[in-house]
Asker: 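To start, I am sharing the structure in question, which I have written as structure tokens.
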Amino acid sequence: MRACNQLLSIPLIVFLTACGGGGGGGGGTTPPPAVSSAAPISSSSSSLSSSSSSSSSSSSLSSSSSSSSSSSSSAGSVTATVSVFMVVDQFGYLPDAQKIAVIRDPQTGYDADKSFMPSASLSLVNMTTGESVLNAAPAVWNSGNTDSTSGDKAWWFDFSSVTSPGTYAVVDKTQNVRSPSFKIAADVYKPILKSALRTFFYQRAGFAKQQPFAEFAWVDGASHIGAGQDKNARLYNDKANAATEKDLAGGWYDAGDYNKYTTWAADYVITLLHAYIENPAAWTDDFDIPESGNGIPDILDEVKWGLDWLKKMQDATGNNSVLSIVGLDSASPPSAATGASYYGSASTNATMSTAAAFALSSKVFRDTPAWSAYATDLNTRAENAWSWAVANPNVLFFNNDNSRQPGSAGLGAGQQEPIDWNTGTGSAKDRATKKRIAAVYLYASTSGATYKSHVETDYTNSNLKTWVDNFNEQENSALLYYANLSGVSSDVATNIKTYFKNGMTGGNENWAAMTSKRDPYLAFLGAYTWGSNNSKSAKGSMFMNIVNYGVSGFDNAAAKNYALTYVNYIHGVNPQGMVYLSNMSSLGAHSSVNEFYHTWFSDGSAKWDRVGTSTYGPAPGFLVGGPNPSYDWDSNCTSGSPNAGCGSAAPTPPKGQPAQKSYKDFNTSWPINSWSVTENSCGYQSAYLRLLSKFVN
């Protein structure tokens, strides 16, 4: 993606990534002007020339809370230009939460030729009344040192003391510049949550997107239901044999490609269910999807859509194994795709992952009377899937990989079978993890002794015992959930929480990273990889797990504020000053994603390529992968016969930047390969929804 702000051209976790399959050609490098979220005292554009410093602040972080008495001016009497150097959560803040704006001075990276130093005093201005409700000195971060992950020096302007609802901006009156405007309100994140969940509706395969549920710009017919497609999918290595046909319609497009991967889809179901379980009040029945108004929370309706497809993937009248993947054709819009659909064979990973999703869904759904029979069926399916996977612990299926799975080339994109790179074959460790997770949720659903025994004899083999970070967050959440179930051995429950506590307090990348203020943008991450925004969401949920699962020895209020910084990061508190969600100006974003890698919203599409250039741009609310310092163009571009689409050099950014600046607002396909930076994923989306929903009631 390219920055929505015209002044910046800016730049899943890997095992969750499904690289897409559409689009071509090269994206432009100069974005159109941003859509401003301006209120009465704003200007419509950013200006670097007006941002030069006239004075500096050398105050320490501890002085940031000091303030002078408020001053007022009539509404509209202040004219301030939005500055790319003053970044905030562009949607806003909860009244009682921590609220910190970051003022940035680039030192390295694509914007190192620009500079800014805040004035000695900044103001929080009510954009409706024009009143300065807080005047305070910005506090220098880390004694004025440059942060290596962002390439920036920074200051913090803490306005946590302001709790009155309203629309505000942080203003440097001396230099006549300001942050984007934002709200302080108890319900500030609810519209964002709705928009973000609705992306699952747009990702539904085989379902017509029609008004009033689809917005006019993204109306489309049901996809992949023609002859030879999902309703008549055939086995990948027996394509001419009609006897292999199965109805595998439904489910979600996994990411920017349209393929459907069983293991990952099951993971999305589990993450969405955790989002619901951990804060049911956030999930109402009014998200404007076709099932809205049926008396059931819309997130559960969306989960059921995914489950209906997983049920089709299970051989419920045979051996109860679960197929691994369905590969779908690409086109824009999705309904234009006419190519055949093919499926991959069953695998242990797909079956055990589905057992986990069925089991947790059964436990949650049985509280909905209308779904009682459905929940019972899910429980039966879960236990049957477990039995098959236990009896068949080493069944592997590698898609799109002729060397490991002859005949699978072109089936899907991302590799859904986890690989042990030491051996080059399927990861036994990953299969063991999936089995532990399935046992957790099967015990939750059944109270069965077999599942309890497996968890309690095997949990010490999990990573939780030795380390806690965003890469193993899914299993950590499952084990913490287990520790709070009735009937669990008390010593096991205590050990699980102790392991988690030790992992959070040990080292300097979790709790200590927050208390020592390691990241000038507040949301510390130890490693930026493909899907870094997914890692940010997972990291935020780690802090909320302290609260959700009763882990003692922490300040819960601090844990919530630490979790919220990861939401703030995704909403604009980052070096790009960008909301990493697509097309969000209608919900108040000053600078959000204009384009991202997705087959529907592909490069060159007259209707959907880019906000401000195409007729509509992409649909709103999609979370992109985020900064990726390992980005590179395809190896073809450095070969003896490079494709014409390569150009003269890999795009910089995202290449060759500090980690947090390794981002570009683009959607170019092969050989530029934007997917490792800007592709969406239902995995990223579900992790973000889970975190964001903690702050919606």
Side-chain angles (χ1 to χ4, degrees), residues 189-225 230-231 247-254 258 260 265-313 333-335 354 357-358 360-378 381 600 619-622 680 682 685-686 688-690 692-693 696-697:
Y189 299 130
K190 184 60 180 280
I192 316 309
L193 189 73
K194 285 188 174 183
S195 182
L197 181 67
R198 283 175 48 75
T199 63
F200 275 87
F201 166 68
Y202 284 116
Q203 291 285 100
R204 291 185 186 184
F207 193 96
K209 287 83 176 180
Q210 300 294 330
Q211 293 180 292
F213 310 110
E215 296 170 80
F216 173 79
W218 303 286
V219 166
D220 189 33
S223 72
H224 302 92
I225 57 172
D230 284 7
K231 291 186 176 184
D247 179 0
L248 303 177
W252 299 298
Y253 312 138
D254 181 72
Y258 297 154
K260 301 183 292 191
D267 289 346
Y268 309 154
V269 164
I270 290 170
T271 302
L272 291 173
L273 287 171
H274 270 276
Y276 174 74
I277 292 166
E278 292 159 3
N279 187 17
W283 300 105
T284 49
D285 189 26
D286 58 353
F287 281 60
D288 300 324
I289 62 174
E291 297 83 0
S292 294
N294 66 357
I296 297 170
D298 282 345
I299 190 172
L300 297 185
D301 288 316
E302 196 61 60
V303 165
K304 186 175 182 296
W305 174 262
L307 289 167
D308 287 344
W309 176 71
L310 288 172
K311 287 172 64 174
K312 291 182 177 182
M313 296 294 282
S335 64
T354 303
F358 284 166
L360 183 58
S361 299
S362 176
K363 179 173 176 58
V364 174
F365 282 14
R366 69 187 58 157
D367 292 333
T368 300
W371 289 354
S372 177
Y374 191 89
T376 299
D377 178 58
L378 289 176
R381 288 171 174 271
W600 185 350
F622 284 88
N680 68 298
C682 289
Q685 203 76 22
S686 57
Y688 167 71
L689 285 163
R690 180 187 173 204
L692 180 64
S693 64
V696 174
N697 283 296

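Predicted, not measured: the structure shown is a model, and the values here were computed from it.
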Asker: Between Tyr374 and Asp308, is there a side-chain donor-acceptor contact under 3.5 Å, judged purely by atom types and distance?
Answerer: yes
Asker: Can a donor-acceptor pair be found between the side chains of Arg366 and Ser362 at a distance below 3.5 Å?
Answerer: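 There is such a pair between these side chains.
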Asker: Report yes or no: does Thr271 contribute a side-chain atom to a donor-acceptor pair with the main-chain N or O of Tyr268 at less than 3.5 Å?
Answerer: no
Asker: Please assess Phe200 against Ser686 for the test side-chain contact (heavy atoms from CB on, under 4.5 Å), listing each intermediate value before the final yes or no.
Answerer: CA-CA 9 Å; Phe200 275 87; Ser686 57; 4.1 Å; yes
Asker: Side chains of Phe287 and Ile299: does their closest heavy-atom pair fall under 4.5 Å?
Answerer: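 Not touching, per the 4.5 Å side-chain cut-off.
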Asker: Determine whether a donor-acceptor pair (N or O, by modelled atom type, separation under 3.5 Å) exists between the side chain of Lys194 and the backbone of Asp286.
Answerer: yes
Asker: Do the non-hydrogen side-chain atoms of Ile225 and Asp230 ever get within less than 4.5 Å of each other?
Answerer: no
Asker: Counting C-beta onward and ignoring hydrogens, is there a side-chain heavy-atom pair between Asn680 and Tyr253 closer than 4.5 Å?
Answerer: no
Asker: Starting from the C-alpha separation in whole Å, work towards a yes-or-no answer on side-chain contact (heavy atoms from CB on, under 4.5 Å) for Thr284 and Lys190.
Answerer: CA-CA 10 Å; Thr284 49; Lys190 184 60 180 280; 3.1 Å; yes
Asker: With a 4.5 Å limit on heavy-atom distance, are the side chains of Leu360 and His274 in contact?
Answerer: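 A side-chain contact exists here, since the closest heavy-atom pair is under 4.5 Å.
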Asker: Kindly indicate whether the side chain of Trp218, heavy atoms from C-beta on, has any atom under 4.5 Å from the side chain of Lys209.
Answerer: no
Asker: I'd like to know if the side chain of Tyr202 reaches the main chain of Pro620, judged simply by a donor and an acceptor atom lying under 3.5 Å from each other, with no hydrogens or angles considered.
Answerer: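 Pair absent, no side-chain N/O of Tyr202 close to backbone of Pro620.
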Asker: Does Lys312 have any side chain to side chain contact (heavy atoms under 4.5 Å, CB included) partners at least two apart in sequence or in another chain, and if so, which?
Answerer: Asp247, Leu248, Ala249
Asker: Could you check if a side-chain atom of Asp288 sits within less than 4.5 angstrom of a side-chain atom of Arg198, using non-hydrogen atoms only?
Answerer: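 They are in contact (side-chain heavy atoms under 4.5 Å apart), so the answer is yes.
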Asker: Can you find a pair of side-chain heavy atoms, one from Phe207 and one from Trp305, that are under 4.5 Å apart?
Answerer: yes
Asker: Does Lys231, at its NZ atom, have more than 12 non-hydrogen atoms belonging to other residues, nucleotides or ligands within less than 6.0 Å?
Answerer: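 No, not enclosed.
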Asker: Less than 3.5 Å apart, any donor N or O on the side chain of Ser335 or Asp220 sitting next to an acceptor on the other?
Answerer: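 A pair is found: one side chain offers a donor N or O, the other an acceptor, under 3.5 Å apart.
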Asker: Given side chains that start at C-beta, do those of Val269 and Trp252 come closer than 4.5 Å, heavy atoms only?
Answerer: yes
Asker: Is it true that a side-chain atom of Thr199 and a backbone atom of Ala196 form a donor plus acceptor pair closer than 3.5 Å?
Answerer: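 Looks like yes, one N/O pair under 3.5 Å.
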Asker: Quick check against the 3.5 Å criterion: does Ser195 have a side-chain atom that pairs as donor or acceptor with the backbone of Pro191?
Answerer: no
